[in-house]
Protein chains: 4
Amino acid sequence: MTDKRRRRLPRSVREQEIIDAALHVFSKRGYHAAVVDEIAELAGISKPMVYLYLGSKEGLFVACVRRESERLVAAFREAAQAGDSPERRLWAGLSAFFAFVAEHRGSWVVLHRQSPGQGEAIAEELAAARRSVMAEVTGLVRDGITEGGGAVQLGDQDADFVAHALVGAADSLTDWMELHPEQAPGGVTLRLMNMVWVGMRNVLAGEVWAPPHDE
Amino acid sequence: MTDKRRRRLPRSVREQEIIDAALHVFSKRGYHAAVVDEIAELAGISKPMVYLYLGSKEGLFVACVRRESERLVAAFREAAQAGDSPERRLWAGLSAFFAFVAEHRGSWVVLHRQSPGQGEAIAEELAAARRSVMAEVTGLVRDGITEGGGAVQLGDQDADFVAHALVGAADSLTDWMELHPEQAPGGVTLRLMNMVWVGMRNVLAGEVWAPPHDE
Amino acid sequence: MTDKRRRRLPRSVREQEIIDAALHVFSKRGYHAAVVDEIAELAGISKPMVYLYLGSKEGLFVACVRRESERLVAAFREAAQAGDSPERRLWAGLSAFFAFVAEHRGSWVVLHRQSPGQGEAIAEELAAARRSVMAEVTGLVRDGITEGGGAVQLGDQDADFVAHALVGAADSLTDWMELHPEQAPGGVTLRLMNMVWVGMRNVLAGEVWAPPHDE
Amino acid sequence: MTDKRRRRLPRSVREQEIIDAALHVFSKRGYHAAVVDEIAELAGISKPMVYLYLGSKEGLFVACVRRESERLVAAFREAAQAGDSPERRLWAGLSAFFAFVAEHRGSWVVLHRQSPGQGEAIAEELAAARRSVMAEVTGLVRDGITEGGGAVQLGDQDADFVAHALVGAADSLTDWMELHPEQAPGGVTLRLMNMVWVGMRNVLAGEVWAPPHDE
DNA sequence: CATGAATGAGGCTTCATTCAT
DNA sequence: CATGAATGAAGCCTCATTCAT
């Protein structure tokens, strides 16, 4: 922490600091309960500066959502690019995704655990962010499973289904991880992948399961 | 609905109507953005009645959480009791769970999609409700998979892991269902079960998957 | 405490019970902080009955003030009548007055320790009550001191001065008595009388005191 | 007063102005009947400023009580220091005290004429303020009478008794003064002092009075 | 550029009072 | 006669946002 008094920072840097502060507060309190004063104080500047840079409370939130969803997508993509086969790419992508959700709690909370109905603009921005994240996962799932699972094709709708299930499970498992702090995130990813993965492959290979009927 | 003006209702009935209205508004707006006036208006009474019956905005929320978590647990248990084998019970319970999440959107949103940090009492109540729901799922998962999957035992921790994954996936899949209204909830349950189920069984049977390494 | 349910009491009795309850609550909380619900509950009846009998919160307060000031005046007069000389009457009256203030704390608090400005009607009623109490004291003081102190006459204005001082001192000494519960009220009266009495007599007899000047 | 619109005042000045306004309103209406809006309006600012500076209605009241009790004590002490003998100090202190009570009606009403039971914090603050005021008077009374009256010692308890009586009488005499506006405060002080003073001295000198018995 | 000072608007809560049975 | 049910009105407090320096 350098001396916070009377720093002259370039606009872009200061803006990022404000968004950092906003992310922290929004994730801790939720959009409505968050208070702009707290964000300004945490950013080490006065409130009018916050308004000068981001325009409004909504602007703050939108900036957070935009930046963090881009970060998540970027992490996902970067990891995925490293693999040289669809299966490897999928594994790497999901690992990165899971790591992001587990480690950047604040970002994920802002993106995925806000109550709905906080206003038109916010709902729109959140929906867009979630769509863009989900699209990445869906794409990798489709390719990964299709090629990894053998000759079986996985349609867009099915891939999207799997992507939703994976994302939801990953989200929920961050709660589980808080109850079991001794479990490493990598291990959790592996367990989740195993469960879904082996299931997907076998289901695609024809091993279906049907609900047992009472005779 | 009969004439809403100046109805005199017994306390117990009015109270349920108020909770109905509160559930609707809380699920639409989230705890903080919800406004007590709107709840009162939707319940067809004046604000002081709301306070006379439920005490405070927090009291309203707690009443919603309590009632709906009990409903969810009840639906889950009732369905599970119908089966005569662990596997059947698990299937029935999860079907009921999924149906509840898909159909009682409001209840589920209030239980599971609130921003964190809404205050001590609220956080505590939500945590308790979620624990009680998760405990039900975990119990059925452990028994169901253990006996359904063969001789393999599933420990409490593993069962809880699977339960979290299932609950999270189910939650997320309600979003998917909104994108695909033509899909019946029963079918969605079946797909989810298949994916997880077959995977779990095979994993327990020894078919593990490991991330592929670049050679 | 007899069975409070469904008593049929004559109007006058019930009214006194309500005033009892009101006095208790008003003296404990003050006019504004007092809540009609609490008065009704303490009186063992429903709120509409309170309004049927006393009309309004103001009516409740006015009834308390009127009844208690009459009681105080009555106690004062009754005691004073017992004496057969002005000096005895004064002593007896002041003793009774002091005993009343010390023992009927509720009554005295309602009469003398209300914030001003609670509304026109209330201010008027309180002023009237205080005037009537003070008039009693003034009358006895004038006669008692005039005849008790010798040939010296005490005018109305002076008597009123002494009466005010005595009443104020008596009021304040109830606080002192709370700090010294071991002191009997009778002793306190005696001390006060002694201090004022001897002073008055000597002053009237010519022993004046003047502020010392620096030379 | 200069143009009240949009004045920018430093915090400390504004704060005192707010307390001035609060004192006025609290003394006119009493704690509960006072309305924060009126205080804000009288202070020439908007309500949020009041809350920003003093925190709450309770905070406003506490600030008044604290400031005014300190003022009273200061006036009392300053006057007392001027004398060069216990008797002179007592006279000067009591004169100052009486002048304060007579002239700063608002301060005195807030300090001494609030209904009891306005809430824990308020009751505590008021009790503390009254204790501190009474302690000053008690101290001076003890020294002043002891040395002024000759060789007779006056114990703490007796001094406190006299102090309570004096303070109560002074309080009540402000009412008398309102009925006799032609009387100067200095004269009232002198009369009160004479009455109590001569009495105390003579009582301490052995001239006791006892209630007359009917033979 | 930066901020201390200021506010309009709105939300939670309470309470005296009345209505319909 | 008696009451459970109901509400209009008002008060405390907070917060996003802006002004004047």
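Every chain is numbered from 1 and lettered A, B, ... according to where its sequence line falls, protein lines coming before strand lines.
Scanning for side-chain contact (heavy atoms from CB on, under 4.5 Å) contacts around B:Q118 gives A:A33, B:Y31, B:H32, B:S115, B:I122, with sequence neighbours left out. Residues passing the salt bridge (charged side-chain N to carboxylate O under 4.0 Å, His left out) test with B:E15: none are found, sequence neighbours excluded. A search for salt bridge (charged side-chain N to carboxylate O under 4.0 Å, His left out) contacts involving B:K57 returns nothing, not counting sequence neighbours. Listed by chain and number, the residues in a ring pair (Phe, Tyr, Trp, His ring centres under 6.0 Å) with B:H112 are B:W108 (sequence neighbours excluded). For the side-chain contact (heavy atoms from CB on, under 4.5 Å) test, no residue two or more places apart in sequence or in another chain qualifies with A:E41. Shown here are the side-chain contact (heavy atoms from CB on, under 4.5 Å) partners of A:S132, two or more places apart in sequence or in another chain: A:V73. For B:Y51, the side-chain contact (heavy atoms from CB on, under 4.5 Å) test picks out B:V36, B:K47, with sequence neighbours left out.
Looking at heavy-atom distances under 4.0 Å, D:A33 makes no contact with the nucleic acid at all. Here C:A34 lies in heavy-atom contact (under 4.0 Å) with sugar-phosphate atoms only.
At whole-Å resolution of the value, CG in B:D37 and P in F:dG8 are 12 Å apart. Across the protein-nucleic acid pair, D:H32 atom NE2 and E:dT14 atom P stand 12 Å apart, rounded to whole Å. In this entry the distance linking CZ of D:F61 with P of F:dG11 reads 18 Å, nearest Å.
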| task | Can you run through DNA chain F from 5' to 3' and write each base as (, ), [, ], | or . depending on how it pairs? Watson-Crick or G-U wobble, both distances under 3.5 Å. | result | .||||||||||||||||||||
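Contacts with DNA chain F (heavy atom under 4.0 Å) in residues 48-56 of chain C: C:P48, C:M49, listed by number.
At F:dA2, one or more side-chain N or O atoms of C:R14 fall inside 4.0 Å of OP1 or OP2 (strictly under the cut-off).
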